A.B. asks: 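I have a structure here, written as structure tokens, and I will follow up with some questions on it.
The model shown is predicted, which means the values in this text are computed figures rather than measured ones. Residue numbering restarts at 1 for every chain, and letters A, B, ... go by the order of the sequence lines.
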Number of protein chains: 2
Amino acid sequence: MSNKQSTQLKILEAAEQLFAETGFSATSLRQITSLAEVNLASVNYHFGSKKELIQAVLQRYLAVLMPRLDQEFNRLLSAQQPNQLTTVLSVFVEPLLELGQVQPQGTSTFLQLLGRGYTDVQGHLRWFFNHHYGRTLDKFVLLVQQSCPALPASEIFWRLHFSLGTIVFTMASNVALKDIAAADFNETVEIDGVIQRLIPYLAAGIAAPSAA
Amino acid sequence: MSNKQSTQLKILEAAEQLFAETGFSATSLRQITSLAEVNLASVNYHFGSKKELIQAVLQRYLAVLMPRLDQEFNRLLSAQQPNQLTTVLSVFVEPLLELGQVQPQGTSTFLQLLGRGYTDVQGHLRWFFNHHYGRTLDKFVLLVQQSCPALPASEIFWRLHFSLGTIVFTMASNVALKDIAAADFNETVEIDGVIQRLIPYLAAGIAAPSAA
DNA sequence: GTACATTTCAAACAGATGTTTAAATTCGTT
DNA sequence: AACGAATTTAAACATCTGTTTGAAATGTAC
């Protein structure tokens, strides 16, 4: 076997670990290549630039997750009646947990990366995401609108962004929160436990009566 | 008048603007001194280091806001019956809006800085905040617990962090969100409009029935 | 107006960053 | 085994970062 793939993979896995832990811009190529035990220049050789490495790390998960979500959204959209909001939200659970097959700890790592992606680099990654997966995202927004017919579209827009903030922030501080919860409440919380706690919180917030 | 204060103020205001726009670590001292039209070395002369400049920028707002909040929390704690959750949350509105007196656009700027503080620098600012204002924060948590007697403390812990995520993320992407809302829904949204939208969303999420 | 302390300034510092280069090595194919 | 392509390597590159230096300028008090 050629060790081209091997080097690429070593870089990818070291990068995703460090990116998730400390963010994209705070992680240097020298940290990555040092952890991966490869030469510094190999990042530029295999990926071109740091920016393209970041995209490659995210793509490895998005390429699995997004088609899976798209398929679920289509299923719900073909239903005769509007779906319950918690049903729509719960659609994320399984595909996210299946990311553990991409990589051990894949679910947690990906969600942390997602958080970093929104708070770390501004604009660039958001554009990348909307450009590639905007269609799928629109289906989700439509499903939410159908399940909350009483809410105006602009209210839903704001509340979905509020919810994105909850998810992104929670996942970016995932490790810290787990530690605090363990210390203060003797709780052992795994990633799927956090997700299950999120659903009722988000559903209640999104479906809350308008302030008028 | 001595222009010592003048230079310090020019740095402080240029720094807070750039910090809010692009984050703490992404903003260089040369950008700050260039915008403030002062010499590069004056930051270290007046503030000591970049880290201390960051703290000074935040302190200018926290020193006004936190005693104000503490006073409001004491008022609610002295009530005979538990307060409504929306009452507890609404306590933030006025003190936050009064930050406009510290500086034009002060409310919006401070909230963006808060968002940057939690997502940008890890650990350090969180510690600084808890150490200086932990007591005040504890009163708030107590008020929330009193208003939601049915919820276990651990559930409230998680939901308050979920809520912090919403606030921090929303405020960090404040400008972008306002632009999208303006383009997609012909809405003109000011900072107090966002705050008023947040209250019912957060209240519903925090008070949601437990999953189990 | 002279003496002193405070503040400004241009320049340099030491270290880190992403990227490029060109030679050395390894690999697959004939 | 030998050739050519793909990969790895050490070194240097240019640029940026926060910080320090010591002299110049400014302000203040007697």
A.B. asks: To the nearest Å, how far apart are B:E52 CD and D:dT19 P?
C.D. replies: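 Value for this atom pair: 9 Å.
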
A.B. asks: Would you say the ring centers of A:F92 and A:F140 fall short of 6.0 Å from each other?
C.D. replies: yes

A.B. asks: Describe the nucleic acid contact of B:T27 in one word from base, sugar-phosphate, nothing, applying a heavy-atom distance below 4.0 Å.
C.D. replies: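 Sugar-phosphate, no base atom in range.
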
A.B. asks: Tell me: CZ of A:F24 to C1' of C:dT17, nearest whole Å?
C.D. replies: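 Roughly 18 Å, once rounded to whole Å.
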
A.B. asks: Which label fits B:Y201 and A:Y201: parallel for a plane angle under 30°, tilted from 30 to 60°, or perpendicular past 60°?
C.D. replies: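 Rings of B:Y201 and A:Y201: perpendicular, over 60°.
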
A.B. asks: Are any of B:H46's side-chain N or O atoms less than 4.0 Å away from OP1 or OP2 of C:dT8?
C.D. replies: yes

A.B. asks: Consider the side chain of B:Y45, meaning its heavy atoms from C-beta on, and name the nucleotide among C:dT7, D:dT7, D:dT20 that approaches it most closely.
C.D. replies: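 Closest of the options to the side chain of B:Y45: C:dT7.
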
A.B. asks: Of the nucleotides C:dT19, D:dA10, C:dT7, which one has an atom closest to the side chain of A:R30?
C.D. replies: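 Minimum distance to the A:R30 side chain belongs to C:dT19.
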
A.B. asks: Within the structure shown, what part of the strands sits under 4.0 Å from B:S28 by heavy-atom distance: base, sugar-phosphate, or nothing?
C.D. replies: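 Answer is sugar-phosphate: B:S28 comes under 4.0 Å of backbone atoms only.
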
A.B. asks: How close or far is atom P of C:dA14 from atom CG of B:L29, stated in whole angstroms?
C.D. replies: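 Rounded to the whole Å, the gap is 19 Å.
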
A.B. asks: Side chain of A:A41 only, heavy atoms from C-beta on: which candidate in D:dA10, D:dT20, C:dT19 is closest?
C.D. replies: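 Per side-chain heavy atoms of A:A41, the pick is D:dA10.
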
A.B. asks: Taking the side chain of B:N39 as its heavy atoms from C-beta onward, which of D:dG18, D:dA10, C:dA10 lies nearest to it?
C.D. replies: C:dA10

A.B. asks: What orientation do B:F157 and A:F185 show, parallel under 30°, tilted 30 to 60°, or perpendicular over 60°?
C.D. replies: tilted

A.B. asks: Whether B:R68 and B:E98 form a salt bridge (side-chain N of Lys/Arg under 4.0 Å from carboxylate O of Asp/Glu) is what I want to check.
C.D. replies: yes

A.B. asks: What is the distance from CG of A:L40 to P of C:dT20, rounded to the nearest Å?
C.D. replies: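 So the two atoms are 12 Å apart, to the nearest Å.
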
A.B. asks: C:dT7 phosphate, OP1 or OP2: any side-chain N/O from B:T7 under 4.0 angstrom?
C.D. replies: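 The answer is no; no side-chain N or O of B:T7 sits under 4.0 Å from OP1 or OP2.
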
A.B. asks: Tell me the interatomic distance from A:K10, atom NZ, to D:dT7, atom P, rounded to whole angstroms.
C.D. replies: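 Computing the A:K10:NZ to D:dT7:P distance gives 14 Å.
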
A.B. asks: To the nearest Å, how far apart are A:N44 CG and C:dG18 C1'?
C.D. replies: 7 Å

